[in-house]
Amino acid sequence: MIPGGRAATAGPKDAGTITARTSGSRALVGTSGSRTLVGTSGFGTGPFSRASALVHTLLTTEALLLLAASPGLAGLLLLGPDPANLPLAAVCLLPLGPALSAALYALHHRSRDLTELHPARAYLRGWRLNAVPALKLWTPLLAWLTVIAFTLTHFAATGLPGWWALLLAAIGVGSLLWGAHALVLTSLFAFRARDTARLAAHFLFRHGRATLAAASLLVLTAASASLLTEALPALLAAPLLLSLLHGSRTVIGETRRDFTV
């Protein structure tokens, strides 16, 4: 049962999407006495191979993410640091939502076998599946965050007491954390947008560790952008998203177990 709604009828998007095949390591079957011996060559499954597969997947996913979000990122480079440009910046960030969602899908379905790497195929499939569902959540989130940011940058003109600024900042942070949960859910599961929104709000407090993990990534992203360069979070988007998936394991597990059929 979706919190505040009806029972979910959707299933995980990973069901039957990528079929494992034997490549480069054929099974060797023989008999010895009354038992059957089955073995494989083991190529592509060692620690070094798994590390190489992970690096390859991260680099490919990062490149495709930047390519998918490039129209908006190019627009951001042309905008000056004027608060009046916040609505235009939000429009430029619209392509980033589907790009992030496709990256989460590809990283979740990554292969640990060096002989079975198809990150580009997984990313493109994730973009096709998730572009519209991600925009249904990403667009209102961007609009809401733009209102908060615009109010804070013009707070002196509002005449509101100072504690309102702290309240708005807290609401903005909470909205970002909700967005992190919603992005993971819409990338991996085929729920309706309103059900995804309810589940994300439900998990925001139910799984405190997952929310704290997302908050730590948010702090890391903000710190790297402010102390080093604004381009760094974009260049490290794939490792950050992989960390987000790792921190959201309990959310993903409970969703698959209790809210899908």
Side-chain angles (χ1 to χ4, degrees), residues 58-107 119-120 122-155 157 168-169 171-187 193 196-197 200 214 217-245:
L58 288 174
L59 291 177
T60 303
T61 302
E62 178 70 30
L64 291 172
L65 189 157
L66 293 177
L67 180 63
S70 59
L73 297 179
L76 285 177
L77 294 177
L78 301 177
L79 294 178
D82 189 339
N85 289 329
L86 282 172
L88 290 176
V91 173
C92 291
L93 288 174
L94 282 176
L96 185 61
L100 292 173
S101 182
L104 284 169
Y105 181 93
L107 292 172
Y123 186 92
L124 293 175
R125 180 178 177 83
W127 199 94
R128 289 195 303 269
L129 288 173
N130 298 331
V132 174
L135 280 175
K136 289 181 180 179
L137 296 166
W138 185 253
T139 302
L141 176 62
L142 276 181
W144 175 239
L145 292 175
T146 301
V147 171
I148 293 177
F150 194 86
T151 303
L152 289 175
T153 54
H154 297 81
F155 190 77
L168 285 174
I171 292 175
V173 172
S175 299
L176 285 172
L177 296 176
W178 171 87
H181 287 318
L183 192 62
V184 170
L185 291 172
T186 198
S187 300
T196 301
L217 292 175
L218 179 63
V219 172
L220 179 61
T221 301
S224 61
S226 59
L227 298 179
L228 298 175
T229 172
E230 296 175 353
L232 190 59
L235 296 176
L236 296 178
L240 290 173
L241 290 174
L242 185 61
S243 298
L244 178 61
L245 279 175

- Message: Could you check whether any side-chain N or O of Thr186 sits under 3.5 Å from a backbone N or O of Ala182, counting only pairs where one atom can act as donor and the other as acceptor?
- Response: no
- With sequence neighbours left out, what residues match Leu217 under side chain to side chain contact (heavy atoms under 4.5 Å, CB included)? Leu240, Ser243, Leu244
- Message: Looking at every non-hydrogen atom in both residues, tell me the closest pair between Pro239 and Leu58 and how far apart they are.
- Response: N-CD2, 4.1 Å
- Task: Could you pull out all residues at least two apart from Thr61 that satisfy side chain to side chain donor-acceptor pair (under 3.5 Å)?
- Result: none
- Between Leu137 and Ala193, what is the shortest heavy-atom contact and its length? CD2-O, 3.7 Å
- Task: Drop me the distance from Asn130's CG to Leu135's CG, to the nearest 0.5 angstrom.
- Result: 10.5 Å
- By side chain to side chain contact (heavy atoms under 4.5 Å, CB included) - contacts of Ala131 (at least two apart): Pro98, Trp127
- Message: Closer than 3.5 angstrom, by distance alone: can the side chain of Tyr123 be matched with the main-chain N or O of Leu107 as a donor-acceptor pair?
- Response: no
- Task: Look up atom CG in Leu245 and atom CG in Leu183, then write down how far apart they are to the nearest 0.5 Å.
- Result: 9.5 Å
- Residue pairs meeting side chain to side chain donor-acceptor pair (under 3.5 Å), one or both in residues 132-153, sequence neighbours left out, come to Trp144-Ser175
- Task: List in chain and number order the residues that pass side chain to side chain contact (heavy atoms under 4.5 Å, CB included) with Pro233, two or more places apart in sequence or in another chain; answer none if no residue qualifies.
- Result: Thr221, Ser224, Ala225
- Could you tell me which non-hydrogen atom of Pro95 sits nearest to which non-hydrogen atom of Cys92, and how far apart they are? CD-O, 3.2 Å
- Taken in chain and number order and not counting sequence neighbours, the residues that satisfy ring pair (Phe, Tyr, Trp, His ring centres under 6.0 Å) with Phe150 are His154
- Tell me, please, which residues at least two apart from Val219 pass side chain to side chain contact (heavy atoms under 4.5 Å, CB included). none
Donor-acceptor list for residues 62-82 side chains, cut-off 3.5 Å, not counting sequence neighbours:
from  : atom 1 : to     : atom 2 : distance (Å)
Glu62 : OE1    : Ala237 : N      : 3.2
Glu62 : OE1    : Ala238 : N      : 2.8
Ser70 : OG     : Leu67  : O      : 2.7
Asp82 : OD1    : Ala84  : N      : 3.0

- Item | Spatial distance of atom CG (Leu241) from atom CG (Leu100) [nearest 0.5 Å] | 5.5 Å
- Query: Which atom pair, heavy atoms only, marks the closest approach of Leu185 to Ala200?
  - Reply: CD1-N, 3.8 Å
